[in-house]
Amino acid sequence: MAEVPGTVTIADRVIVRLAERAAADAARHGRVVDRPRARVQAQVAGRRARLQVETSTFWPEPVATAGDRIATSVRSELDRLARVRADHVEVTIVAVLTPPAAPRTVR
């Protein structure tokens with residue numbers, strides 16, 4: 001079947017990478033640190049997806065709050081960047097990290 005001119009097909013692995021980046025950025029919650037990272041598994045059908053996300057969060061944010069915020073961010077970014085609707089985003093928090101120490105000023 002010939003593709004319709006003007007359509008863009010996005011590979012499933014691109015959806016996974018976009019979701020991993022969105023989840024990791026949301027998990028950092030504005031902190032400038034290398035971690036946490038996110039791992040995503042996805043089932044993609046056309047412009048719809050079901051995602052399982054594994055990531056970490058920082059203490060003292062409640063795990064449920066972090067999970068909701070991360071899922072919302074993943075949904076929003078997939079829609080904005082790829083026009084893919086995430087029907088289901090399951091977030092598993094695998095670790096709770098201590099926040100990075102604030103930089104010290106030495107005089």
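No hydrogens, no waters, no symmetry mates; every other heavy atom, side chains included, goes into these values. Just so you know, these numbers come straight off a predicted model, no measurement behind them.
Atoms OG1 and CZ, on T92 and R39 in that order, are 11.5 Å from each other to the nearest 0.5 Å. Interatomic distance, OG1 of T55 versus CZ of R28, reported as 8.0 Å (0.5 Å rounding). Here the straight-line distance linking atom CD of E20 with atom CD of Q41 works out to 10.0 Å at 0.5 Å rounding. Atom CG of L97 and atom CH2 of W59 lie 12.5 Å apart (nearest 0.5 Å). Rounded to the nearest 0.5 angstrom, E77 CD and R21 CZ are separated by 10.5 Å. Taking CG from D87 and CZ from R75, the interatomic distance works out to 9.0 Å, rounded to the nearest 0.5 Å.
Proximity of P36 to T57: side-chain heavy atoms (C-beta onward) are nowhere separated by under 4.5 Å. S73 places none of its side-chain heavy atoms less than 4.5 Å from the side chain of D25. Using a 4.5 Å heavy-atom threshold, the side chains of V63 and V96 count as touching.
A donor-acceptor pair under 3.5 Å is formed between the side chain of T72 and the backbone N or O of D68. At least one donor-acceptor pair under 3.5 Å links the side chain of R83 to the backbone N or O of D79.
Both V91 and I15 sit in one connected hydrophobic cluster of ILVMFWY residues. Membership requires side-chain heavy atoms under 4.5 Å apart, directly or through other members. Note on I10: it clusters hydrophobically with V16, by side-chain heavy-atom contacts below 4.5 Å among ILVMFWY residues.
Considering only residues two or more places apart in sequence or on other chains, R31 meets the side chain to side chain donor-acceptor pair (under 3.5 Å) condition with none of them.
More than 12 heavy atoms of other shown residues, nucleotides or ligands fall within 6.0 angstrom of atom CZ in R47.
When all heavy atoms of V74 and A22 are compared, the pair lying nearest together is CA-CB, 4.0 Å.
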task: List the steps and the verdict of side-chain contact (heavy atoms from CB on, under 4.5 Å) for L78 and L51.
output: CA-CA 11 Å; L78 284 181; L51 306 160; 3.4 Å; yes
message: Does I70 form a side-chain contact (heavy atoms from CB on, under 4.5 Å) with I93? I'd like the steps, not just the answer.
response: CA-CA 10 Å; I70 292 166; I93 303 295; 4.2 Å; yes
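One finds no salt bridge joining E90 and R50 here, because no Lys/Arg side-chain nitrogen approaches an Asp/Glu carboxylate oxygen to under 4.0 Å.
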